[in-house]
Structures are given as structure tokens and as C-alpha cells.
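Atoms considered below: every heavy atom in the structure, side chains included; atoms not considered: hydrogens, waters and symmetry mates.
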Amino acid sequence: MSEVLGRVPAAERGGTRIADRVVAKVAAQAAKEAVDEPPREGASPRATVTVHRDTARVRVSLELGYPTAIGRQCGAVRRRVIERVKALTGMEVPEVAVQVERLHPAGASVAAQGRIR
């Protein structure tokens, strides 16, 4: 008597919903991982996400060091966000908008510290 009558198969019991803010945290962490050399004094990347069914549209805001290849960095962020969101949530990501909010000059903090003394 190993089989229970009336048992519902696992696939029919319900579903899993991943909150938008969780997908946004995954996207922000992926963006952070993708940046070659994040500025020391820069803010961590932030992401906002709109989820509809199994599709996530992502907007990432970040700060980069200067000089840098901005286009290359943004492309790397897009690829990494798509890869990580798909791997961790199973969602398709047809759109990743990357907004560079600020550029931090290399050595700016060192120069500022030298003037303070």
C-alpha cells in the first residue's frame, strides 16, 4: 500500500512567484560582478525590474571609473545580467537598459587627500 489515492502530482500543486525586488537584487549583483574596476568611492549598481509572467525587463544604474571603455562596460553588464537572471530565476530578459550615472576620475580621491594635508 505504497500509493496514496487522490494525491496530486507535484507539477499541479501550485506555482512559484519570484518578487520583482528579488530579481532586481540579482540584476544589481550581476552588474557589480560585470564591471572591470569599480570606482572605490562609487555607489553600488542599482536595478529596477518589471516582471510579467516569465519575462523580466531590467534597468541598471551604475557608476564607472574614468577613463574606461563605456560601451564595452555596458555591454558586459547587459550580458552578465541576462545570464545571471536567466540562470537563477529562469526568466527571459529581452531588455537590459544600462544608465551610467557618474564617472569617477582615476586618482581623484588620492589627489583630494593630498590637498587636505
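Shown here are the side-chain contact (heavy atoms from CB on, under 4.5 Å) partners of P94, two or more places apart in sequence or in another chain: T55, R57. A search for salt bridge (charged side-chain N to carboxylate O under 4.0 Å, His left out) contacts involving K86 returns E92, not counting sequence neighbours. Residues that satisfy the side-chain contact (heavy atoms from CB on, under 4.5 Å) test with A30, not counting sequence neighbours, are R80, V81, R84. Applying the salt bridge (charged side-chain N to carboxylate O under 4.0 Å, His left out) test to R72 and every residue at least two apart in sequence or in another chain returns D36.
In the displayed structure, Q99 atom CD is contacted under 6.0 Å by more than 12 heavy atoms of other residues, nucleotides or ligands.
Minimum heavy-atom separation, V60 to L62: CG1-CD2, 4.0 Å. Residues P39 and L64 share a closest heavy-atom pair of CG-C, 3.8 Å.
Sorted by first and then second residue, the side-chain hydrogen bond (donor to acceptor under 3.5 Å, both in side chains) pairs involving residues 58-67 (not counting sequence neighbours) are S61-E101, E63-H104.
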Solution key, residues 11-28 side-chain donor-acceptor pairs under 3.5 Å, sequence neighbours excluded:
unit_1: R13; atom_1: NE; unit_2: V8; atom_2: O; d: 3.1
unit_1: R13; atom_1: NH2; unit_2: V8; atom_2: O; d: 3.3

